[in-house]
Novice: 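Have a look at this one.
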Amino acid sequence: MDCFREIEGKQAHDPLFHKMNKPSRRVFVPGPIIVGAGPSGLAVAACLQEKGLPSMVLERSSCIASLWQLKTYDRLRLHLPKQFCELPLMGFPSEFPTYPTKEQFIDYLETYARKFEIRPRFNETVSHAEYDKVIGFWRVKTVGKRFEETEYMCRWLVAATGENAEAVVPEIDGTGEFGGDIRHTSYYKTGKEFTGKKVLVVGCGNSGMEVCLDLCNHSASPSLVVRDTVHVLPREILGKSTFGLSMWLLKWLPMRLVDRFLLIVSRLMLGDTARLGLDRPEKGPLEHKNGSGKTPVLDVGTLAKIKSGDVKVCPGIKKLKRHTVEFLDGKMENFDAIIFATGYKSNVPSWLKEGDMFSEEDGFPKRPFPNGWKGECGLYAVGFTKRGILGASMDARRIAEDIEWCRNEEAASYDHNHRSVLLMKSSSP
């Protein structure tokens with residue numbers, strides 16, 4: 001704690017500090033601060049805990065994994081087999097199915113947090129984080145549920161708010177005139193409330209496709225806006241996970257050959273998706289994912305509904321009118337509701353004030369995977385790999401190892417300097 005006393009001494013003689021920094025409470029944190037208690041933040045905290053390094057997790061919501069608990073639809077399951085969605089140091093229970101339900105995944109995360117004694121500080125929103133070069137520490141300011149302010153100071157800062165921090169809702173001309181229900185998928189739970197209604201789903205990723213299927217299962221009439229090219233793959237090939245099979249093939253074959261294999265099998269199993277209005281990108285599914293970060297859709301039954309006409313494919317939206325949508329091809333159609341399955345974005349630039357590691361445009365690390373996890377001055381990132389929980393787990397291990405190394409180096413340097421001072425004192429007359 002000697003370094004903290006030194007910091008306090010510097011602050012005591014710094015008039016600018018007292019003028020510009022007056023939070024209601026100031027807390028010195030001896031270990032890393034992790035911003036975000038989603039799967040990525042929990043993974044880093046667990047890896048640090050295993051190494052005997054305590055951390056503090058700050059979470060703006062009232063629970064861990066708030067996206068999963070509060071902003072996902074009821075029928076959601078993991079899109080990948082459970083072995084590809086495990087956090088470090090603890091697997092899924094053997095009795096869980098290959099594709100765990102939303103409730104099972106949340107139960108897994110809560111058990112994980114208990115096992116590694118992770119106790120986030122809930123309802124604390126990080127409003128500002130900046131490195132103080134004078135004292136060599138990060139200043140992390142938060143706002144609580146009752147608008148109380150706290151400033152934390154730490155040596156290491158981990159941004160774990162991830163790729164899905166804020167919902168993306170496109171601006172469409174005439175939105176205020178529509179008059180019907182307009183919502184993002186983060187506010188969609190089940191198709192029960194849309195029974196008998198015509199619903200337009202905007203976005204043809206995994207969420208958009210699955211919401212359409214859910215609406216069909218609840219006797220609604222969904223249409224799907226397809227604004228871009230998309231790869232649709234079967235979730236399984238000959239009883240094996242398409243993702244798992246792809247990962248295995250990549251050990252032996254170049255990506256382009258694996259892509260060619262996936263496209264041939266998909267054509268045989270699913271048919272020509274272009275005939276359904278689902279044009280494929282020029283690059284193969286894996287190459288396209290690597291370049292753009294866009295995940296292929298793993299079909300769980302929606303394609304059959306499109307083929308049968310239960311789900312209608314539409315072009316992009318030009319503008320909205322009273323319960324009416326005008327499409328880019330000039331056609332107009334009435335709808336009762338619109339659901340935006342348009343994804344999420346990073347919110348890091350809104351609270352982290354640094355210009356080197358993160359892009360101001362998209363809130364992702366500037367350096368691509370696998371080199372985007374570490375910045376300067378003790379700054380780290382986890383959950384920004386565009387490779388799901390598997391990528392986050394890899395980065396969590398790297399971060400914990402690096403912080404452990406830094407701590408040991410600083411401790412060794414402090415001990416060396418301390419011994420030198422003692423020797424000088426003992427040798428002086």
Side-chain angles (χ1 to χ4, degrees), residues 1 4 7-8 11-12 14-46 48-49 54-72 106 109-110 112-114 116-132 135 137-169 183-184 186-187 189 344-354 358 363 379-383:
M1 298 297 290
F4 292 151
I7 292 170
E8 288 175 334
Q11 292 172 351
D14 185 353
L16 184 62
F17 174 84
H18 291 287
K19 183 178 179 180
M20 301 296 293
N21 299 275
K22 295 182 179 179
S24 58
R25 194 165 67 105
R26 185 169 295 111
V27 179
F28 291 105
V29 180
I33 285 181
I34 301 168
V35 183
S40 299
L42 297 178
V44 176
L48 289 167
Q49 180 74 0
S55 62
M56 176 182 286
V57 182
L58 301 176
E59 168 58 44
R60 66 180 175 178
S61 188
S62 59
C63 59
I64 65 168
S66 61
L67 179 67
W68 280 86
Q69 298 213 50
L70 306 177
K71 298 182 179 181
T72 50
I106 292 170
L109 294 176
E110 290 178 337
Y112 188 86
R114 287 194 298 271
F116 294 103
E117 300 180 345
I118 304 169
R119 301 181 183 90
R121 298 183 68 91
F122 294 118
N123 299 307
E124 288 209 44
T125 302
V126 174
S127 59
H128 189 99
E130 190 168 8
Y131 186 70
D132 191 324
I135 60 176
F137 273 66
W138 286 92
R139 297 184 183 277
V140 182
K141 297 179 181 179
T142 68
V143 179
K145 198 172 184 179
R146 298 179 180 177
F147 304 103
E148 67 277 15
E149 294 183 354
T150 305
E151 182 181 68
Y152 297 95
M153 303 183 71
C154 62
R155 173 66 182 83
W156 302 281
L157 178 63
V158 183
T161 46
E163 305 164 8
N164 303 315
E166 305 290 345
V168 173
V169 179
R183 69 177 72 177
H184 189 266
S186 55
Y187 293 98
K189 293 298 180 184
Y344 295 83
K345 64 181 180 180
S346 165
N347 71 353
V348 171
S350 69
W351 58 269
L352 180 61
K353 305 308 171 186
E354 64 85 44
F358 283 88
L379 178 62
Y380 300 92
V382 61

Novice: With rounding to the nearest 0.5 Å, note down the distance linking OH in Y131 to CZ in F137.
Specialist: 8.5 Å
Novice: Between V143 and S127, which heavy-atom pair has the shortest distance, and what is it?
Specialist: CG2-OG, 4.0 Å
Novice: Has T142 got a side-chain atom pairing as donor or acceptor with V126's backbone, closer than 3.5 angstrom?
Specialist: no
Novice: What's the separation between atom CD1 in I64 and atom CD in E110, rounded to the nearest 0.5 Å?
Specialist: 5.0 Å
Novice: In the structure I gave you, are the side-chain heavy atoms of P32 and L48 within less than 4.5 Å of one another anywhere?
Specialist: yes
Novice: Nearest heavy-atom pair of A37 and P120: which atoms, and what distance?
Specialist: CB-CG, 4.0 Å
Novice: Taking all atoms of both residues into account, what is the closest heavy-atom pair of G363 and S346, and its distance?
Specialist: O-OG, 2.8 Å
Novice: Which residues pass the side chain to side chain contact (heavy atoms under 4.5 Å, CB included) test with P54, sequence neighbours left out?
Specialist: none
Novice: Could you check if a side-chain atom of E149 sits within less than 4.5 angstrom of a side-chain atom of K141, using non-hydrogen atoms only?
Specialist: no
Novice: Is the number of heavy atoms from other residues, nucleotides or ligands under 6.0 Å of K189 NZ greater than 12?
Specialist: yes
Novice: Atom CD of Q69 and atom SG of C63: how far apart are they, to the nearest 0.5 Å?
Specialist: 4.0 Å
Novice: Using the test side chain to side chain donor-acceptor pair (under 3.5 Å), find all partners of S61 that sit at least two apart in sequence or belong to another chain.
Specialist: none
Novice: Between atom CD of E148 and atom CG of N123, what is the distance when rounded to the nearest 0.5 Å?
Specialist: 9.0 Å
Novice: For V27, what residues pass the side chain to side chain contact (heavy atoms under 4.5 Å, CB included) criterion, not counting sequence neighbours?
Specialist: R25, V29, T150, Y152
Novice: So which atom in I118 and which in L42 form the shortest heavy-atom distance, rounded to 0.1 Å?
Specialist: CD1-O, 3.5 Å
Novice: Applying side-chain contact (heavy atoms from CB on, under 4.5 Å), run through I34 and L58 and close with a yes or a no.
Specialist: CA-CA 6 Å; I34 301 168; L58 301 176; over 6 Å; no
Novice: With sequence neighbours left out, write down each residue that passes side chain to side chain donor-acceptor pair (under 3.5 Å) with R146, or none if nothing qualifies.
Specialist: none
Novice: Applying side-chain contact (heavy atoms from CB on, under 4.5 Å) between V35 and each of L352, V57, T125, L157, report the one that passes.
Specialist: L157
Novice: So which heavy atom on S62 is nearest to which on F122, and how close?
Specialist: C-CD2, 3.7 Å
Novice: Does a side-chain heavy-atom distance below 4.5 Å link M153 with R26?
Specialist: yes
Novice: Do E151 and R139 sit within salt-bridge range, that is, some charged N less than 4.0 Å from a carboxylate O?
Specialist: yes
Novice: So which atom in C154 and which in V140 form the shortest heavy-atom distance, rounded to 0.1 Å?
Specialist: SG-CG2, 4.3 Å
Novice: Give, for atom CZ of R121 and atom CD of E59, the distance between the pair rounded to the nearest 0.5 Å.
Specialist: 13.0 Å
Novice: Residues two or more places apart in sequence or in another chain: which of them pass side chain to side chain contact (heavy atoms under 4.5 Å, CB included) with N164?
Specialist: L67, Y344
Novice: In chain order, what residues pass the side chain to side chain donor-acceptor pair (under 3.5 Å) check against W351, with sequence neighbours excluded?
Specialist: N347
Novice: At what distance, to the nearest 0.5 angstrom, does OG1 of T161 lie from CZ of R60?
Specialist: 8.0 Å
